[in-house]
There are 2 protein chains.
Amino acid sequence: MNLKELATKLGLSPTTVSRALNGYPEVNETTRERVVAAAKRHNYHPNTRAIRLATGRAMAVGHVIPIATRHEIVNPVFADFIAGAGETYSRNDYDMVLSVVPDEDEETTYRGLKSKGNVDGVIVHAPRTHDPRIALLREIGLPFVVHGRATGTADPYCWLDVNNRRAFQRATEFLLDLSHSRIGLVNGLEFMDFAIRRRTGYEGALTARGIAPDPALMASDEMTEIAGFRAATRMLALPQPPTAFLASSMISGMGVRRAVESSGLVIGRDVSVIIHDDDLSYMKNGEDVPIFTATRSSVREAGRLTAEMLLDVIARPDAGPQQRLLEAELIIGQSTGPAPKG
Amino acid sequence: MNLKELATKLGLSPTTVSRALNGYPEVNETTRERVVAAAKRHNYHPNTRAIRLATGRAMAVGHVIPIATRHEIVNPVFADFIAGAGETYSRNDYDMVLSVVPDEDEETTYRGLKSKGNVDGVIVHAPRTHDPRIALLREIGLPFVVHGRATGTADPYCWLDVNNRRAFQRATEFLLDLSHSRIGLVNGLEFMDFAIRRRTGYEGALTARGIAPDPALMASDEMTEIAGFRAATRMLALPQPPTAFLASSMISGMGVRRAVESSGLVIGRDVSVIIHDDDLSYMKNGEDVPIFTATRSSVREAGRLTAEMLLDVIARPDAGPQQRLLEAELIIGQSTGPAPKG
DNA sequence: TTGGGCATCCAAAGCGGTTTGAAGCGATTC
DNA sequence: GAATCGCTTCAAACCGCTTTGGATGCCCAA
């Protein structure tokens, strides 16, 4: 059942039927009702491919996911972000197309997406400092929103980010207030922009209290359980081990916890741990009661909002770049306590 | 730059240019070279939207992801599967479109995908027993492949699955051979088909050795760290606690490990643990040396193969339903050992 | 009576490709 | 010399929708 058939059945022209269904004013209200009823009765759904060609819009948004080296993107945080963005897209009748490509094909993919007209815009994931994708997308004229920020990019661009610096600064201050002075930072890989900002926040809080950041207490690695475990184990073996940790994710935090516990120490008493909690829907921090003290910011909500921003940019291309900074909450759990005496 | 412009520039008809670029035989080889060169020179890429309308094919595959109750789908296993499938799609110039929809809209989504012509086929994730999606997709005539199987479906359909029953049977036998007789099963939710098959394998191995499965040693819950922890903690508190565990995922296994360790027991000596390892790219089981003994089967590879099967089904709709059963490897790690005496 | 304005509706021209049916043309065959 | 054939190429239809630029009929003011 297509438009022409439906029009014939109604004794109307395709034009009128199309207009009736799309809510244009120049059609009699009685006629419109007749058309709408017939469309429902015959289960008519306009062909997306034809709409796309006729309107010149793809009604789709792209997410390009590089694999190989930066496989970090295949992680639960990403999945939750996608879920959030996807909710926004379905609500707006947009398709979400995912391109999984080898790192070296990334530029080609973006250019292809634009010139072949597969999508109306893209979301840029996991920005690094001086991320070349931003200039590229601007050059080829493909609307985009960055999830995160890319330090070192001159011109303004659209982004939505969590205030990672502030979050880690507050978390550090919270520990300092509990009299911890040796605080380990188990950070993500520091070519990622957010990881740098987190370290900045951490260092800023320390120096503001007159404590010089100790390189031995800072680790930067993938945000996996094993990496968290190793970093924490290493730090706990120091002559002056930390009494508290900042972990960059729930998973890292689980590694830290394992390290602490297998040193025979008790979390929240001997060693405090604060994690950054992306509020993943499949891996909640505690169920009713928070277990980890955490800086919390829902990555799923970030996905929803980033997608909304992109759709807005697509709809109003001349409105100028938008930016939005979300604040993380500090959730007090059971993994922190006053620094042990001595 | 579109086809007509390119044709004009070459002094040829659009027909010939189209054929030259698509490798049709009825075009002079010299002409073809000229066309191909010009296309590259002018950076011509045929408009996907036009191709789709003209050919009647969407050149896209759908993945429908229900949220809300069955949020289990937003998990790292899913992300890795998607990554694998995505590799196949990009290699074949297909788009992967993800639809994230509330559970109750799932049927509507499938029907819409079909009638609006957004995709040429779909992959069905996380099948349950008597999964209604299979009948639905057959009814509406949308090609599909199921990742997993749905017990209770009468007619044959396309699927690709891991031999979960056999995997858990072998793992159980391995523990039995190590003289364990009380083995805890920390299973996923048992409305999921694979979870049932795993329990069947586990129970089968036990009864084959004359051991009656003990309901107190079987748990079924979400495959999270906390659920694994709770299940294992509960079982370890039994009058006759298990000396070994089977965990249905790496994450559950981490919960089991935490439970074991916080009971003051040592993994691999006091308590053995075997996990099912989906070989996630972001969360490897050990780096060089396996840590957990595991039944391993790469879900990413499953994604690749399932996608290939679907593309084949789309290309040859009359070839009849395909099925493929992958075997899991048994990886011997450091988390298993002989049952303690006594 | 005339004509402007308004409310409705429609024919036809796109959108940018693919594909069908036919035509041009030199070479081969009878 | 005419008919046939294979190799190339092309004009035009088509995919299913949107959108432009009328047309039609009716009402009302002049």
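Since we're looking at a predicted model, the values are computed, not measured. In what follows, every chain begins at residue 1, and chains take the letters A, B, ... in the order their sequences are listed.
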Student: How many whole angstroms separate atom CG of A/Leu10 from atom P of C/dC9?
Tutor: 11 Å
Student: Specify the separation, in whole Å, of atom CG of B/Leu12 and atom C1' of D/dA11.
Tutor: 14 Å
Student: Please figure out whether A/Pro25 or B/Ala50 has its closest DNA chain C nucleotide nearer the 5' end.
Tutor: A/Pro25
Student: For D/dG16, take OP1 and OP2 only and decide whether either is under 4.0 Å from a side-chain N or O of A/Tyr44.
Tutor: no
Student: Can any side-chain N or O of A/Glu107 pair as donor or acceptor with the backbone N or O of A/Leu136 at less than 3.5 Å?
Tutor: no
Student: Name the closest nucleotide to the A/Ser13 side chain, picking from D/dC15, C/dA11, C/dG17.
Tutor: C/dA11
Student: When the distance from CG of A/Leu6 to C1' of D/dC17 is rounded to whole Å, what number comes out?
Tutor: 13 Å
Student: Indicate whether OP1 or OP2 belonging to D/dT9 is found under 4.0 Å from a side-chain N or O atom of B/Thr31.
Tutor: yes
Student: I want to verify a distance call: between D/dC17, D/dC15, C/dT19, whose nearest atom is closest to the B/Ala54 side chain?
Tutor: D/dC15
Student: With respect to the side chain of A/Ser18, which nucleotide from D/dT18, C/dC15, C/dT18 is positioned closest?
Tutor: D/dT18
Student: Between atom CZ in A/Arg52 and atom P in C/dG17, what is the gap in whole Å?
Tutor: 17 Å
Student: Would you say A/Leu142 and A/Val122 make side-chain contact, with heavy atoms under 4.5 Å?
Tutor: yes
Student: Between B/Phe144 and B/Tyr157, what is the ring plane arrangement, given parallel below 30°, perpendicular above 60°, and tilted in between?
Tutor: parallel
Student: Starting at atom CG of A/Asn22, determine the distance to atom P of D/dT20, rounded to an integer number of angstrom.
Tutor: 13 Å
Student: Between D/dC14 atom P and A/Leu3 atom CG, what is the distance in whole Å?
Tutor: 17 Å
Student: Between B/Asn47 and C/dG17, does any side-chain N or O lie under 4.0 Å from OP1 or OP2?
Tutor: no
Student: Donor-acceptor check, side chain of B/Arg49 to backbone of A/Ala54, threshold 3.5 angstrom: yes or no?
Tutor: no
Student: In whole Å, what is the span from the CG atom of B/Asn118 to the P atom of D/dC17?
Tutor: 13 Å
Student: Do B/Thr15 side-chain and C/dT19 base share a donor-acceptor contact under 3.5 Å?
Tutor: yes
Student: Can a side chain N or O of A/Tyr24 be found less than 4.0 Å away from OP1 or OP2 on C/dC9?
Tutor: no
Student: When you measure from the side chain of B/Val27, which nucleotide among C/dC9, C/dG16, D/dT9 comes out closest?
Tutor: D/dT9
Student: Decide yes or no for A/Val97 and A/Val119: does some side-chain heavy atom of the first lie under 4.5 Å from some side-chain heavy atom of the second?
Tutor: yes
Student: Report which part of the nucleic acid A/Gly117 touches: base, sugar-phosphate, or nothing (heavy-atom distance under 4.0 Å, all strands).
Tutor: nothing
Student: Using whole Å, report how far CD of B/Glu26 lies from C1' of C/dA23.
Tutor: 15 Å
Student: Which nucleotide, C/dC15, D/dT9, D/dG21, lies nearest any side-chain atom of A/Arg19?
Tutor: D/dG21
Student: So A/Ile51, base contact, sugar-phosphate only, or nothing? Heavy-atom distance under 4.0 Å.
Tutor: sugar-phosphate
Student: Is there a side-chain contact between B/Thr88 and B/Leu305, using heavy atoms and a 4.5 Å cut-off?
Tutor: no
